Amino acid sequence: MKNKLDLELVSLTKRYGQTLAVDEISYHFGVGTYACLLGPSGCGKSSTLRMIAGHESVSSGAVTLGGRDISNLPPAKRGTAMMFQNYALFPHLTVIDNVAFSLKMRGVAAEERRKRAMSMLDLVDMAALSDRLPAQLSGGQQQRAALARALITEPDVLLLDEPLSALDPFLRIRMRAELKKLQRELGITFIHVTHGQEEALALADEIVVMNNAIIEQAGRTRDVFEAPKTAFVALFLGSHNVVSMPEGKVAIRTDAIRLTKPEAAKLPGTITNIEYQGTHVALTAAIPGNQDVTALLPDKDFFGNPKDVGEAIGLDWKAEAAHALAS
Ligand code: ADP
């Protein structure tokens, strides 16, 4: 097995005319990591991914792989491969010919192409459907074919642009597990663009949260979730409250909030909404200063001492559960 290479973005910048889409971002992806680029629409995720892939020119800065500047190489010479959102399979080619296509471009002989394409199709559990056309496949099967096609060049880094968005919710969760399994088996770096925080948390070893063309916060997924540095990151990842306290703005996880009597609490509140979520109950209260706080309570705790909308309550948390935020 060849040595795996690490990918680094160095002050990477993308301008489209007057639009600054990516603003001097720098990040080092660990070798063999599953990384998610996460952020709202328009924050620069796809531009970043396309610059890594070589499908978009770099305005300034660099992309390096194993220390080598690949910024100006054509896509096929970089050691990266891309799987597109709509899979971009050739409709007139069978699955196996789709998968073998890039080998054909590289002048690999027909028999060798077929052998390598079949082994890739085996990897994604699609060998039995190798002679079908893309239109004869389900969404999940098309995705597997697209994965096999991207992986056949044995890239060091696989780039995935919103790979699950075309699938229905049930299939999305199944394919999510398959992507993770495949990444573990191959041991290569996957960089996956998504605007879904749940998807990113479920998949990523490392998470890069982008906003307005910059990286707001990045690092190991759990480190970012446990200690968001800005209100944007706390709110975008979800499951956090952002509250202005006399000592400054803080983030507090919804599951760290407990109910007490109003006079004993850090904050008094009035219940505005109660949402049953099966294992938990999400209770939202209005607090002074026109703010909302949500407490995620285990269902047994809530139903052991049920509350109603309009009731006055106290909201409490352990001091260490509150993380100071940069404004
Ligand atoms: P995301 O993937 O996070 O939705 P994009 O990277 O697609 O964000 O876009 C970032 C910004 O760059 C947006 O303001 C978008 O309108 C702009 N943009 C993206 N592609 C182009 C393009 N080809 N020409 C001009 N502007 C673009």
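Because the structure is predicted, anything quoted here is derived from the model rather than measured.
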Discussion item. Pairing donors with acceptors under 3.5 angstrom, does anything connect the side chains of K14 and T19?
Written reply: no
Practice prompt. Compute whether any side-chain donor of one residue and acceptor of the other, for T33 and T189, lie under 3.5 angstrom apart.
Written response: no
Tell me if the [atom1] atom of [X] is crowded by more than 12 foreign heavy atoms within 6.0 Å.
X    : atom1 : answer
N212 : CG    : no
R172 : CZ    : yes
E198 : CD    : no

Counting only N and O atoms by type, is there a donor-acceptor contact under 3.5 Å from the side chain of [X] to the main-chain atoms of [Y]?
X    : Y    : result
S59  : R15  : yes
H195 : E162 : no
S239 : T254 : no
T270 : G310 : no
R50  : H55  : no
Q277 : A282 : no
H323 : E226 : yes

Fill in: K115 with E111: basic N within carboxylate O range, under 4.0 Å
no
Discussion item. Does this structure show an ion pair linking D168 with R174, if we count only N-O contacts that are shorter than 4.0 Å?
Written reply: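 Salt bridge: no.
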[X] versus [Y], closest heavy-atom pair with distance:
X    : Y    : result
Q183 : I188 : NE2-O, 3.0 Å
L203 : H192 : CD1-CE1, 3.4 Å
S71  : A62  : OG-CA, 3.2 Å
P134 : Q142 : O-NE2, 3.3 Å
G187 : K4   : O-CE, 3.6 Å
D161 : M82  : CB-CE, 4.2 Å

Practice prompt. Among L65, T64, V31, find the one that has a side-chain contact (heavy atoms from CB on, under 4.5 Å) with L7.
Written response: L65
Item to complete: Measure the acute angle between the ring planes of F29 and Y27, then classify it against the limits of 30° and 60° as parallel, tilted or perpendicular.
Response: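 Perpendicular.
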Worksheet item: Remaining members of F303's ILVMFWY cluster at a side-chain heavy-atom cut-off under 4.5 Å?
Response: V243, M245, V250, I252, I257, L259, L267, I271, I274, Y276, V281, L283, I287, V293, L297, F302, V309, I313, L315, W317
Practice prompt. List, by chain and number, the other hydrophobic cluster members for I214, where Ile, Leu, Val, Met, Phe, Trp and Tyr join if side-chain heavy atoms come within less than 4.5 Å, directly or indirectly.
Written response: none
